[in-house]
Amino acid sequence: MKTFWIKFLSGVAVVAACLSISSWVSADDQGPVKVFSVSESDFEDMDSNGPVMVAPMMSVPGMTGGIARLEKGRHKVSNWTHWYGEVVYVTRGSGNLTASLPPFAESKTYHLSVGDFFYIPVSTQVSFEATSQEAFEFFFAIPGD
């Protein structure tokens with residue numbers, strides 16, 4: 001029963017996150033592979049426990065994903081609780097990730113830079129902040145069942 005509720009809440013969280021973004025990235029879906037493309041003008045500001053820029057989301061059966069960008073002094077995500085697992089790959093700049101597990105009494109901060117990738121487990125509370133003058137940008141993927 002616990003697994004059902006975790007999957008249910010994960011699904012609700014993913015849908016809510018996706019609905020808060022006004023557009024989906026278009027894909028070339030001619031053939032067996034969907035190719036997604038994002039341009040600089042596709043990024044839009046949104047508030048996700050703090051201001052962040054996000055490109056339109058991609059969605060395929062079993063996975064949703066996108067690209068987030070934080071600029072130093074302008075964007076910061078604070079205390080976002082992941083009710084779903086998420087894979088993240090840093091593509092540009094550098095930043096800090098602070099993560100905590102329930103009951104969120106202790107946290108650990110990780111310094112991330114281009115080429116770093118990691119998995120955020122279900123029920124982890126995270127904060128992201130850019131530390132470089134260059135934008136801190138990362139690709140994220142949320143696997144589904």
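Cluster membership check: Trp80 shares its hydrophobic cluster with Leu112, using side-chain heavy-atom separations under 4.5 Å among Ile, Leu, Val, Met, Phe, Trp and Tyr. Note: the hydrophobic cluster containing Phe140 also contains Val77 (ILVMFWY, side chain heavy atoms under 4.5 Å, direct or indirect links). Residue Phe139 is grouped with residue Val60 when hydrophobic side chains (ILVMFWY) are merged at heavy-atom distances under 4.5 angstrom, including chains of intermediate members.
For the residue pair Thr131 / Ser94, a side-chain donor-acceptor distance below 3.5 Å is found, with atom types taken as modelled. Side-chain contact of Thr109 with Thr98: a donor-acceptor pair under 3.5 Å is present, judged by distance alone.
Across all non-hydrogen atoms, the minimal contact from Ser123 to Pro102 is O-CD, 3.2 Å. When every heavy atom of Gly93 is checked against every heavy atom of Ser132, the shortest pair comes out as CA-OG, 3.5 Å. Scanning both residues, Thr81 and Gln125, for their nearest heavy atoms gives OG1-NE2, 3.3 Å.
Thr124 meets the side-chain contact (heavy atoms from CB on, under 4.5 Å) test with Ala99, Leu101, Ile120, Pro121, Val126; sequence neighbours excluded.
For residues 105-128, every residue pair satisfying the ring-ring contact (aromatic ring centres under 6.0 Å, His included) rule, not counting sequence neighbours, is listed here: Phe128-Phe138. Residue pairs meeting the salt bridge (Lys or Arg N to Asp or Glu O under 4.0 Å) criterion with at least one partner in residues 86-110, sequence neighbours excluded, are Arg92-Glu134, Arg92-Glu137.
Note that CZ of Phe136 and CD of Glu129 are 10.0 Å apart. Values are rounded to the nearest 0.5 Å. Here the OG atom belonging to Ser127 is positioned 6.5 Å from the NZ atom belonging to Lys76, to the nearest 0.5 angstrom. To the nearest 0.5 angstrom, Asn96 atom CG is 11.5 Å from Leu70 atom CG.
At least one side-chain heavy atom of Gln133 sits under 4.5 Å from a side-chain heavy atom of Lys72.
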